[in-house]
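Here is the structure we will look at, set down as structure tokens.
Each ligand, and each atom within it, is numbered from 1 in the order the structure gives.
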Amino acid sequence: RGPLRRAPRRFGTVAGVSADLPQDRRVAPSILAADFSRLGDQVQTVLDAGARVIHVDVMDGHFVPPISIGAAVTASIQERVRAANGFLDVHLMIENPERHVAEFAEAGADSIAVHVEATPHIHFALQAVREAGCHAGLALNPGTPLSAVDSLHGSFDFLLCMTVNPGWGGQKWIPGSEDRVAALRSVLPSDVPIEVDGGVDADTAGPAAAAGAGLFVAGSSVFGSDDPASAYAELVAAAQAV
Ligand code: DX5
Ligand code: ZN
């Protein structure tokens with residue numbers, strides 16, 4: 001049974017036990033850049049290459065202009081990721097994400113990141129993610145003041161720092177993003193990883209790592225390559241070189 005056939009859950013239900021949040025450096029291939037006509041194979045390729053965090057970009061046509069994928073596609077890769085002892089990392093680029101947390105938890109998300117810009121109820125949204133049994137990510141757009149985290153310390157488990165403007169894969173890393181990562185690193189507890197998302201490639205992964213990033217989302221630099229397994233390995237090497 002897929003998530004579309006289930007009655008919606010209410011906030012406060014626990015969907016299950018999530019995989020542990022990785023504390024070491026991990027490259028997280030983003031399926032946004034995959035060939036959707038053979039999504040299972042593409043995910044399997046990077047799992048076989050050693051990837052354990054698979055990033056899922058959900059866009060609603062409101063918070064960001066494009067519409068991408070939802071809970072049904074997320075659920076379709078859940079078994080593969082689980083079988084590899086992997087971690088399903090869902091990034092909600094949608095308005096009022098709190099309304100959709102339960103369906104993504106049900107679809108197998110281990111973590112769900114919600115944007116501070118997407119709801120007047122960010123604390124509630126983060127709370128809903130945790131109550132659904134998932135690790136809660138606070139996502140910040142490039143133009144959002146870093147002080148947005150000030151009143152939310154303790155309410156999230158990792159910080160997703162956008163290093164491009166959300167909505168499209170294949171953009172260039174915004175110069176200076178590494179300074180934002182470093183500034184965030186200096187105010188966040190050491191067990192709260194920073195995930196960089198957008199424009200991560202073999203050139204930008206090193207500076208991001210040096211600034212304190214722990215999770216490296218990579219879409220086009222992995223799936224845009226003729227050889228995603230080698231591209232993944234190259235990124236891991238770049239992220240671990242510093
Ligand atoms: C952008 C998404 C990213 C995207 C990154 O809105 O949040 O996760 O997949 O793609 P690349 O790695 O191509 O910049
Ligand atoms: Zn993303």
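Protein heavy atom at the shortest distance from atom 5 (C) of ligand 1 is D197 OD1, 3.7 Å. Looking only at heavy atoms of the protein, atom 12 (O) of ligand 1 is closest to G219 N, 2.7 Å. The closest protein non-hydrogen atom to atom 1 (C) of ligand 1 is W168 O, 3.6 Å. The shortest contact between atom 14 (O) of ligand 1 and any protein heavy atom is with G199 N, 2.8 Å. Atom 4 (C) of ligand 1 has as its closest protein heavy atom D57 OD2, 3.6 Å.
The local environment of CD in E178 is crowded, with over 12 non-hydrogen atoms from other residues, nucleotides or ligands closer than 6.0 Å. No more than 12 heavy-atom neighbours from other residues, nucleotides or ligands sit within 6.0 angstrom of CG on D20.
Near H55, with a cut-off below 4.0 Å to any heavy atom, the atoms of ligand 1 are 8 (O). In the vicinity of G198, heavy-atom distances shorter than 4.0 Å reach the ligand 1 atoms 14 (O). Remark: ligand 1 atoms within the under-4.0 Å shell around heavy atoms of G169 are 10 (O), 13 (O). Within ligand 1, the atoms closer than 4.0 Å to a non-hydrogen atom of V217 are 8 (O), numbered from 1 in the order shown. Residue-ligand proximity, M93 to ligand 1, at heavy-atom distances under 4.0 Å covers atoms 6 (O), 7 (O). The H91 neighbourhood of ligand 1 comprises atoms 7 (O), with distances under 4.0 Å to a heavy atom of that residue. For ligand 1, the atoms closer than 4.0 angstrom to any heavy atom of A218 are 12 (O).
Geometrically, ligand 1 and G167 share a nitrogen or oxygen pair separated by less than 3.5 Å. For ligand 1, the polar-atom distance check against P166 finds no nitrogen or oxygen pair separated by under 3.5 Å. Between S221 and ligand 1, no N or O atom pair is found at a separation short of 3.5 Å.
By the criterion of a heavy-atom distance under 4.0 Å, both the backbone and the side chain of S220 are placed next to ligand 1.
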Are L88 and D110 close enough, and set up right, to give a side chain to side chain contact (heavy atoms under 4.5 Å, CB included), and what steps lead you there? CA-CA 5 Å; L88 207 41; D110 292 297; 3.8 Å; yes
Residue pair L235, S221: steps toward the side chain to side chain contact (heavy atoms under 4.5 Å, CB included) verdict: CA-CA 8 Å; L235 279 168; S221 61; 3.4 Å; yes
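Looking at R99, E95, E98 one by one, the single match for side chain to side chain donor-acceptor pair (under 3.5 Å) with T119 turns out to be E98. When the options T74, V56, D57 are evaluated for a side chain to side chain contact (heavy atoms under 4.5 Å, CB included) with I31, the one that passes is V56.
Residues T45 and D48 have side chains that never bring a donor and an acceptor to within less than 3.5 angstrom of each other. S225 and D227 share no side-chain donor-acceptor pair at under 3.5 Å.
Looking at D197 and the Zn ion (ligand 2) together, the shortest N, O or S contact belongs to OD2.
The angle subtended at the Zn ion (ligand 2) by ND1 of H91 and OD1 of D57 is 90°, given to the nearest 10°.
Within the 4.0 Å heavy-atom shell around ligand 1 one does not find A33.
Using a 30° and 60° split on the angle between ring planes, H91 and H55 fall in the tilted class, from 30° to 60°.
A donor-acceptor contact shorter than 3.5 Å links the side chain of R52 to the backbone of A84. A donor-acceptor distance shorter than 3.5 angstrom exists from the side chain of T163 to the backbone of D197, with no hydrogens or angles considered.
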